[in-house]
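The block underneath contains the structure these notes are about, expressed in structure tokens.
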Amino acid sequence: MGRSPSTLQTISTSPGINGKRITALKQGGLTAFIHSVILNRKQVKEPFYVLDLGVVSSLYNKWAHNLPAIQPFYAVKCNPDRTILGTLAALGSNFDCASQAEIEAVLSLGVSPDRIIFANPCKADSQIKYAESVGVNLTTFDSKDELEKIRKWHPNCGLLIRIKSPDDNKARRPLGSKYGALPTEIVPLLQAAQAANLDVVGVSFHIGSPATDSRAYRTAIAEARTVFVTAVSLGMPKMRVLDIGGGFVDNPQFQEAAKEVKAALETYFPNEPEMTLISEPGRFFVETASTLATNIIGKRVRGEMREYWINDGTYGSMNCIIRDALSAPLSCKPFAWTSNQTNMSCEGLKTYNSTVFGPTCDSLDEVFTDYQLPELQVNDWLVFPNMGAYTAAMGSSFNGFKTADILTYLVHTNTS
């Protein structure tokens, strides 16, 4: 698993974080911190994130406790924030990169290239050449054309054959329609790699994200075992790497998923001390670590219906509503610092069916419909928890609202 989990001091001095201000919080202090930020910048109404590095560290420890034999390769696409990458690097995580830009971001933190898997089964020639030039020597494939590109531009790269998970339809976002070799394609692909003198070192799969049925890991691991046996029957060297992908979420189902994975490994890969087991968790490490605060910039009342406009939306951080299968429904808490100084949290107040729009001029930019909110006013705030996964990373600059410009405050909650 790499180094032991780092202290706040070690994290704060690591590349990507060094020099940035981190506010230490006691357990339960996040809400008060967000309120203090709002109150201290009364004239500044722009949205902002609060990233809790203590949560990231706690989740890394949780992974190590529940799946100690499986090396995490953080899926950079989930949230490529440099602070998150630096924190996970300091904690000992490896990295799943899908592009040259992601590889460059990780290498810029001083991470060794042998801690990176180029986990994109379909890569441009130029990016394969780049990986070879910087020493990233592990990648995935699921087609003969990809093998030909690798043979031409990076023939010494270790390869993982990406297979289609048998049960990825049980995830909210299945991936099998785009990636993964079918059972009938596996032998021809292995033979093509063998003929090209390429080194297939293992098997990769992804059951989809987020997973809704942990038993899907078992069927995928069973399928991977079949591929290991098939490779040996073809006269290929024994494979030594199994990549179980992602799909993990920080909720009660994680323990169940961990049990399924460990039981399946004991069944299908017993007594394999030389086997390297890896995974590609993304949202597990970061989803619950970020909170987003947005300001109400407009309001309209139509009978009992309340309509609000906020300064972030589905073309920004809430892009996940349209394009990502959220592991939990989006929610928010009001902070009525302008309209209700005696009850800023609005506890116990009457609520109304409310629609919340984002700031762009597209009618599809709709964050909530029929959502229960108290009576709020322009310049009050809506605060969204669990906004660390596929949020800012998927935002745009549509209509001139630039997601990349949203400020992030760093905190570290003591979770011990």
Side-chain angles (χ1 to χ4, degrees), residues 16 46-52 55-56 73-85 87-88 95-106 119-122 127 168 171-175 177-179 206 208-211 245-250 280-294 310-332 356-368 382-408:
E46 297 304 314
F48 63 89
Y49 278 102
V50 178
L51 170 59
D52 194 334
V55 172
V56 177
F73 281 65
Y74 170 67
V76 175
K77 64 180 180 292
C78 180
N79 190 329
D81 182 275
R82 187 171 170 82
T83 303
I84 288 175
L85 299 183
T87 297
L88 286 168
F95 296 90
D96 154 18
C97 297
S99 67
Q100 178 174 333
E102 290 183 356
I103 294 173
E104 289 172 341
V106 173
N120 187 338
C122 185
Q127 302 211 1
D168 74 343
R172 290 181 184 164
R173 177 61 67 83
L175 300 174
S177 63
K178 187 172 185 179
Y179 296 121
H206 199 304
S209 181
F248 299 95
V249 181
D250 177 32
E280 302 167 5
R283 71 174 72 244
F284 177 81
F285 288 138
V286 298
E287 183 171 57
T288 58
S290 285
T291 302
L292 174 68
T294 65
I310 59 176
N311 52 3
D312 197 359
T314 62
Y315 285 92
S317 302
M318 287 81 164
N319 188 291
C320 52
I321 294 174
I322 298 173
R323 292 181 172 84
D324 180 44
L326 294 169
S327 61
L330 202 64
S331 65
C332 71
V356 177
F357 296 105
T360 73
C361 292
D362 190 341
S363 62
L364 293 177
D365 192 359
E366 194 171 274
V367 178
F368 290 125
L382 295 180
V383 178
F384 295 79
N386 303 327
M387 290 294 288
Y390 301 105
T391 50
M394 298 177 71
S396 71
S397 298
F398 175 64
N399 234 168
F401 298 97
K402 299 181 179 180
T403 312
D405 290 345
I406 297 178
L407 183 66
T408 297

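The first residue in the sequence is number 1, and the count goes up from there.
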Inset, instruction - Would you please name every residue forming a side-chain hydrogen bond (donor to acceptor under 3.5 Å, both in side chains) with Gln100, sequence neighbours left out? - result: Glu104

Legend entry - Atom of Pro385, atom of Ser331 and distance for their closest heavy-atom approach: CD-O, 3.4 Å

Legend entry - Distance in Å, Leu382 CG paired with Ile310 CD1, rounded so as to fall on 0.5 Å steps: 6.0 Å

Inset, instruction - List for me each residue that meets side-chain contact (heavy atoms from CB on, under 4.5 Å) alongside Phe368, sequence neighbours excluded, and say none if there are none. - result: Leu330, Cys332, Val356, Tyr371, Phe384

Inset, instruction - Sequence neighbours left out, what passes side-chain hydrogen bond (donor to acceptor under 3.5 Å, both in side chains) with Ser317? Give chain and number order. - result: Tyr49, Asp312

Inset, instruction - Nearest 0.5 Å please: distance from the CE atom of Met387 over to the OG atom of Ser290. - result: 9.0 Å

Legend entry - Partners meeting side-chain contact (heavy atoms from CB on, under 4.5 Å) with Thr83 (sequence neighbours left out): Ile17, Lys20, Leu51, Leu53, Asp81, Thr87, Leu410

Legend entry - Side-chain donor/acceptor of His206 to backbone N/O of Gly245, under 3.5 Å: no

Legend entry - Non-neighbouring partners of Asp405 that pass side-chain hydrogen bond (donor to acceptor under 3.5 Å, both in side chains), sequence neighbours left out: none

Inset, instruction - Could you list the residues that satisfy side-chain hydrogen bond (donor to acceptor under 3.5 Å, both in side chains) with Asp96, not counting sequence neighbours? - result: none

Inset, instruction - Taking the side chain as every heavy atom from C-beta outward, state whether Leu88 and Phe95 have any pair of such atoms under 4.5 Å apart. - result: yes

Legend entry - For Pro80, all residues meeting side-chain contact (heavy atoms from CB on, under 4.5 Å), sequence neighbours excluded: Val76, Ala393

Inset, instruction - Return the set of residues passing ring-ring contact (aromatic ring centres under 6.0 Å, His included) with Phe48 (not counting sequence neighbours), or none when no residue passes. - result: Trp381, Tyr409

Inset, instruction - Run through Thr294, Thr291, Leu292 and flag the one making a side chain to side chain contact (heavy atoms under 4.5 Å, CB included) with Val383. - result: Thr291

Inset, instruction - Could you tell me the separation between the CD atom of Gln127 and the CD1 atom of Ile103, rounded to the nearest 0.5 Å? - result: 7.5 Å

Legend entry - Inter-residue atom distance Tyr390.OH - Asn319.CG, 0.5 Å rounding: 12.5 Å

Legend entry - Evaluation steps, side chain to side chain contact (heavy atoms under 4.5 Å, CB included), between Asp250 and Glu287: CA-CA 8 Å; Asp250 177 32; Glu287 183 171 57; over 6 Å; no

Inset, instruction - Kindly write out the residues that satisfy ring-ring contact (aromatic ring centres under 6.0 Å, His included) with Tyr74, not counting sequence neighbours, or none if the list is empty. - result: none

Legend entry - Gap between atom NZ of Lys77 and atom CE of Met394 - 0.5 Å precision: 11.0 Å

Legend entry - Inter-residue atom distance Leu364.CG - Asp362.CG, 0.5 Å rounding: 4.5 Å

Inset, instruction - Go through the side-chain N and O atoms of Tyr315 and Asn399 and say whether any donor and acceptor fall under 3.5 Å apart. - result: no

Inset, instruction - Check salt bridge (Lys or Arg N to Asp or Glu O under 4.0 Å) between Asp365 and all other residues, then give those that pass, not counting sequence neighbours. - result: none

